[in-house]
Amino acid sequence: MSKTYQIAVIPGDGTGPEVVAEGVKVLQAVAEKSAFKLNFIYYPLGGEHYKATGELLTDDTLKSLANADAIFLGAIGHPDIKPGILEKNILLNLRFHFDQYVNLRPVKLYEGVYTPLKDKCPADIDFVVVRENTEGLYTGAGGCLKRGTPDEVAVQESINTRKGVERCVRFAFEYCRNRNKAKKLTLCGKTNVLTFAFDLWERTFREVAREYPDIQADYAHVDAICMWMVKNPEWFDVIVTDNMFGDIITDLAAMIQGGMGIAAGGNINPKGLSMFEPIGGSAPKYTGLQIINPIAAISAAQIMLETLGEPQAASWIEKGVIKVLRDDIKDVAAGKMGYSTSEVGNLIVSYIKDKC
Ligand code: IPM
Ligand code: MN
């Protein structure tokens with residue numbers, strides 16, 4: 001009997017539904033050629049749903065999602081809703097609830113894609129960021145006193161646990177070993193200033209490194225990483241870092257791989273339910289226009305299949321993406337592709353059907 005994966009789909013806000021539709025289309029195309037089936041279950045979470053019902057993410061929805069094999073997410077964010085509400089209650093809530101402790105961000109410049117880095121080519125930009133996804137500054141620890149007065153105090157704490165750091169670091173070493181490229185893992189920290197948090201990170205990193213003699217264990221401060229990512233991106237193979245630094249450096253990394261139309265990521269719980277998303281956000285100004293690039297969502301679907309243990313189907317998606325970026329799309333930016341959102345999905349589907 002063939003395996004059926006239950007995929008929970010959260011199209012979400014803005015251009016989320018448009019790009020998710022293309023991701024689903026491509027997933028269906030690879031499933032047709034594979035021994036597995038996919039069953040998609042849709043969840044209407046996001047800003048519109050919140051405005052209409054007052055609901056963010058209910059316990060019942062979390063219970064229902066828990067039955068899925070993976071979550072495929074479009075975008076969460078709405079121009080009418082105060083920043084933080086949807087992000088914290090939906091996106092971060094999902095990451096924390098399902099203990100998706102790794103945010104995996106492959107950074108790869110494909111042929112035919114423009115990078116703002118002069119003289120850099122696809123061979124130079126091919127690395128992966130492993131961002132801790134459930135701790136650090138994202139836990140919501142802290143508080144404020146005397147808000148709105150001249151005596152106001154605001155404290156936002158970075159929580160780093162030995163367990164949380166160690167499991168993320170271990171994931172990164174394993175990932176680096178399996179990726180089998182330069183076999184170099186760089187810890188991105190700030191040991192010269194954050195002498196508590198990154199002392200824990202560095203000691204954990206050095207201890208775990210002893211179990212991986214085949215991996216070069218490298219360290220760089222986060223500010224220096226920003227510099228080198230622009231100057232010498234070819235130095236990186238896998239980077240591991242905390243939640244906040246990871247958030248920042250992965251937007252920089254997205255830019256050097258061609259922008260938000262391309263960048264995809266996975267929120268991974270290696271033993272539980274993982275969630276995959278294009279990282280570009282809801283892009284309200286492009287909503288409904290069919291001009292947004294769906295490739296980030298399609299690549300997120302690829303990472304989903306890799307994580308589910310379907311490497312062949314995942315590689316067909318990547319082949320389709322490579323072909324369309326190299327031969328068809330004029331520019332990866334919204335409105336400049338020379339094709340509509342769904343035409344890009346169709347091009348990838350027809351390549352997968354005919355050539356893979
Ligand atoms: C990301 C996003 C989120 C984050 C926001 C939307 C809460 O920027 O996935 O990188 O900060 O993690
Ligand atoms: Mn971010």
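Both tests pass for Arg131 against the ring of Tyr138: distance under 6.0 Å to the centre and angle within 45° of the axis.
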Passes side-chain contact (heavy atoms from CB on, under 4.5 Å), Val222 versus Thr241? Steps please. CA-CA 9 Å; Val222 61; Thr241 191; 5.8 Å; no
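Under 3.5 Å, the side chains of Asn133 and Asn267 contain a donor-acceptor pair of N or O atoms. Side-chain atoms of Thr186 and Tyr219 include no donor-acceptor pair closer than 3.5 Å. Between Gln6 and Asn39, the side chains place a donor N or O and an acceptor N or O closer than 3.5 Å (distance only, hydrogens not considered). Counting only N and O atoms by type, the side chains of Glu135 and Thr161 include a donor and acceptor under 3.5 Å apart. Remark: the Lys37 side chain and the Ser2 side chain contain an N/O donor-acceptor pair separated by less than 3.5 Å. Side chains of Ser34 and Glu32: a donor-acceptor N/O pair is absent below 3.5 angstrom, by distance only. Between Tyr43 and Ser64, the side chains place a donor N or O and an acceptor N or O closer than 3.5 Å (distance only, hydrogens not considered). A side-chain donor from one of Asn346 and Lys25 sits under 3.5 Å from a side-chain acceptor of the other.
A continuous path of Ile, Leu, Val, Met, Phe, Trp and Tyr side chains, each step under 4.5 Å between heavy atoms, connects Tyr339 with Ile352, placing both in one hydrophobic cluster.
The main-chain N or O of Asp80 is found under 3.5 Å from a side-chain atom of His78 such that the two form a donor-acceptor pair.
Ring planes of Phe36 and Tyr5: perpendicular class, angle over 60° (limits at 30 and 60°).
Here the side chains of Ile317 and Ile298 are in contact, with some heavy-atom distance below 4.5 Å.
Here ring-ring contact (aromatic ring centres under 6.0 Å, His included) pairs that include residues 109-133, with residues two or more places apart or in two chains, are Phe127-Phe236.
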